[in-house]
Amino acid sequence: MAQDAAFSPGRRASVLGALRGSYFDFFYDLEQWNETVELFRSRMPLRKHRCRFKSYEHCFTAAEAVDWLHDLLRYNQNFGPEVTRKQTVQLLKKFLKNHVIEDIKGKWGQEDFEDNGHLYRFPPSSPLKPYPKRPPYQKDAIKFPEWNDPPPGMSQENIPVRPLVMNSEMWYKRHSIAIGEVPACRLVYRRQLTEANVEEIWKSMTLSHLQKILGLDSLEEVLDIKLVKSKFIMHNVYSVSKQGVVILDDKSKELPHWVLSAMKCLANWQNCSDLEQPMYLGFEKDVFKTIADYYGHLKEPLLTFHLFDAFVSVLGLLQEEKMAIEAFQICCLLLPPENRRKLQLLMKMMTRICSNKEMPPLGDGLGTRTLMIQTFSHCILCSKDEVDLDELLAARLVTFLMDNYQDILKVPLALQTSIEERVAHLRRVQIKYPGADMDITLSAPSFCRQISPEEFEYQRAYGSQEPLAALLEEVITDAKLSRKEKKKKLKQFQKSYPEVYQERFPTPESEALLFPEKPKPKPQMLMWALKNPFQPFQRTRSFRM
């Protein structure tokens, strides 16, 4: 079989070289992208150039940019000396596409960058990309429909709104439940959820959860919400086998029988003596080439073109493995069921081949794991505008998928449970009391006991006083309080709740018993007065001689 051009030796060598280099992780780290852009903008030599009888200040040629950036990357610890000049040109193409640089006339984006004498300059605005953050409160969160929302397609502009006026009669109806004057309550079923309502709930809650994990203010940056089909999400959740593989309703979208047989052959490969089928030298390589040719000729990648940015944005979370796995789980739920099934079978085969030590070499000079990543990365993830850097993104994604495919390609139970509980809540019945709030549905207790008017008056009068009386007793019996503090607290209590205080201390005498007056101590006599009783003054003899 002819080998697909997408897996030519030149392209394979390019990917392999990127995999071996220390600069492999660079293009996925937004922080290092910004660092490289800052170095390029601050240190790239700028000078005056002349083109077609006109002079341009502060600019550089394409060849000068390639020379300078190539030297920077070769001596940078994130890249290394293996960086080629062609890869440097590809990076400058990315710079031009993302408006890091622009041509001398201000054009960028659709323009192509070549290693020549064309003049370029730096734009006045900063091209640095903001690093995604996770705000505590998401803006513009996707709203899922409520049970009382109108069906899809119904306009709310012509629906009359009856203003709610709370008069004395309405207040009496709302607050007369306790005295037994309201007729018996009745159950009212909520508006029946249609299939379209349930599908919209699945779609909105799934996308809202993905937005929260990615930490984005809106998914418009990475995903076209209109292209997301809720039926795909529900099919990928419920139509699965015991092994977790999606079951297709349309059998025409299944893998061809000969491809599935070839994949089973390599996935269940054993020693030569254990094989019942005829073999020849190189048999396993031909089987692998058959599988690679089929996946290489798919019309679009398994992860689809419109989900490319969503999967690439998840690559920025690989440092947080659990969060990245959860984000990949949700992104894979958005896939068409036939794509998800093909991806599940392919990843299962690749993982088994890599873990089988008895598998003969399937490629010349390449390890089995490297060959798997190199062969199938392009058919799993790629964008419509193909550049060499997309192969590096796809290679890293496939590597992470192979290491965690069992967790990524299973249904997230937490998300499924939350959505099912939401749907069940919207379908649940509620209690409604006639005449209250002009037939507005009220949330009432599930069980109400009717009481008499006398009991209601007693509870109203004494129900709230009992806790206050208990609080007053605590203050009275608190031995830790000093006499001054206790008097202060009792004075405050008397001012706030005079009725409760009057009931506890009906007379001033009862209050005085709480603070009995201390006996006044008798004045002490001076000790010297007892020892030396008063004697009349006597004139003493003079000491004068």
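This one's a predicted model, so the numbers in the text were calculated from it and none came from an experiment.
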- Item | Derivation of the side chain to side chain contact (heavy atoms under 4.5 Å, CB included) call for Val228 and Thr206 | CA-CA 10 Å; Val228 177; Thr206 302; over 6 Å; no
- Take Glu254 and Arg341, measure what salt bridge (Lys or Arg N to Asp or Glu O under 4.0 Å) needs, and give me the verdict at the end. CA-CA 8 Å; Glu254 290 273 6; Arg341 178 177 174 83; 2.8 Å; yes
- Query: What do the steps show when you test Lys322 against Asp407 for salt bridge (Lys or Arg N to Asp or Glu O under 4.0 Å), and what is the final call?
  - Reply: CA-CA 10 Å; Lys322 293 183 179 179; Asp407 294 328; over 6 Å; no
- Message: Walk me through whether Met263 and Phe288 qualify under side chain to side chain contact (heavy atoms under 4.5 Å, CB included).
- Response: CA-CA 8 Å; Met263 295 176 68; Phe288 179 74; over 6 Å; no
- Item | Evaluation steps, side chain to side chain contact (heavy atoms under 4.5 Å, CB included), between Tyr238 and Gln416 | CA-CA 10 Å; Tyr238 292 112; Gln416 179 184 356; 3.7 Å; yes
- Task: Assess whether side chain to side chain contact (heavy atoms under 4.5 Å, CB included) is satisfied between Leu409 and Gln329, documenting all intermediate values.
- Result: CA-CA 6 Å; Leu409 294 177; Gln329 281 182 340; over 6 Å; no
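With contacts defined as side-chain heavy-atom distances shorter than 4.5 Å, the pair Ile408/Cys332 qualifies. With a 4.5 Å cut-off on side-chain heavy atoms, Arg41 and Pro123 count as touching. Looking at heavy atoms from C-beta onward, Asn404 lies in side-chain contact with Glu321 at the 4.5 angstrom threshold. Between Leu207 and Leu223 the shortest side-chain heavy-atom distance falls below 4.5 Å. Counting heavy atoms from C-beta outward, Trp269 and Ile353 have side chains that stay 4.5 Å or more apart. Considering only heavy atoms from C-beta on, Gln406 stays 4.5 Å or farther from Lys348 through its side chain. The shortest distance between side-chain heavy atoms of Val237 and Trp202 falls below 4.5 Å. Proximity of Leu335 to Phe232: side-chain heavy atoms (C-beta onward) are nowhere separated by under 4.5 Å.
Remark: side-chain polar atoms of Ser418 are paired, donor with acceptor, to backbone N or O of Leu415 under 3.5 angstrom. Checked by atom type and distance alone, the side chain of His235 pairs as donor or acceptor with a backbone atom of Ile247 at under 3.5 Å. Thr417 contributes a side-chain N or O that, together with a main-chain N or O of Leu413, makes up a donor-acceptor pair within less than 3.5 Å. A donor-acceptor distance shorter than 3.5 angstrom exists from the side chain of Asp250 to the backbone of Ser252, with no hydrogens or angles considered. Between the side chain of Asn356 and the backbone N or O of Arg352 there is no donor-acceptor pair closer than 3.5 Å. Within the 3.5 Å criterion, the main-chain N or O of Thr351 finds a donor-acceptor partner in the side chain of Ser355. Gln344 contributes a side-chain N or O that, together with a main-chain N or O of Gly244, makes up a donor-acceptor pair within less than 3.5 Å. Remark: the backbone N or O of Ala310 is paired with a side-chain donor or acceptor of Ser313 at under 3.5 angstrom. With hydrogens and angles ignored, the 3.5 Å screen pairs no side-chain donor or acceptor of Lys231 with any backbone N or O of Glu199.
The structure places CZ of Phe283 at 8.0 Å from CG of Asp286, a figure rounded to the nearest 0.5 Å. With rounding to the nearest 0.5 Å, the separation of CE in Met372 from CE in Met347 is 11.0 Å. Taking CD1 of Ile291 as the reference point, atom CG of Leu345 lies at 11.0 Å (rounded to 0.5 Å). In this structure, Lys97 NZ and Leu92 CG are separated by 15.0 Å, a value rounded to the nearest 0.5 Å. Note that CZ of Phe328 is 11.5 Å distant from CD1 of Ile213, once rounded to the nearest 0.5 Å. We find the OG-CD1 distance between Ser208 and Ile419 to be 10.0 Å, quoted to the nearest 0.5 Å.
Centroid-to-centroid, the aromatic rings of Phe400 and Tyr405 stay 6.0 Å apart or farther.
Looking at every heavy atom in both residues, Arg340 comes nearest to Val246 through CD-CG2, 3.5 Å. The heavy-atom pair separating Glu284 from Leu362 by the smallest distance is CG-CD2, 3.6 Å. Of all non-hydrogen atoms in Leu193 and Arg427, the two that sit nearest each other are CD1-CG, 3.6 Å. In terms of heavy-atom proximity, Phe305 sits nearest to Cys382 at CD2-O, 3.5 Å. Closest non-hydrogen pair, Phe376 versus Ala292, comes out as CE2-CA, 4.1 Å. Shortest non-hydrogen contact noted between Ala324 and Leu317 is CB-O, 3.5 Å.
Summarising the local packing, NZ of Lys285 is surrounded by more than 12 heavy atoms from other residues, nucleotides or ligands at distances under 6.0 Å. Around NZ of Lys242, the count of heavy atoms belonging to other residues, nucleotides or ligands within 6.0 Å does not exceed 12.
Thr194 and Asn197 are linked by a side-chain donor-acceptor pair at a separation below 3.5 angstrom, with hydrogens and angles left out of the test.
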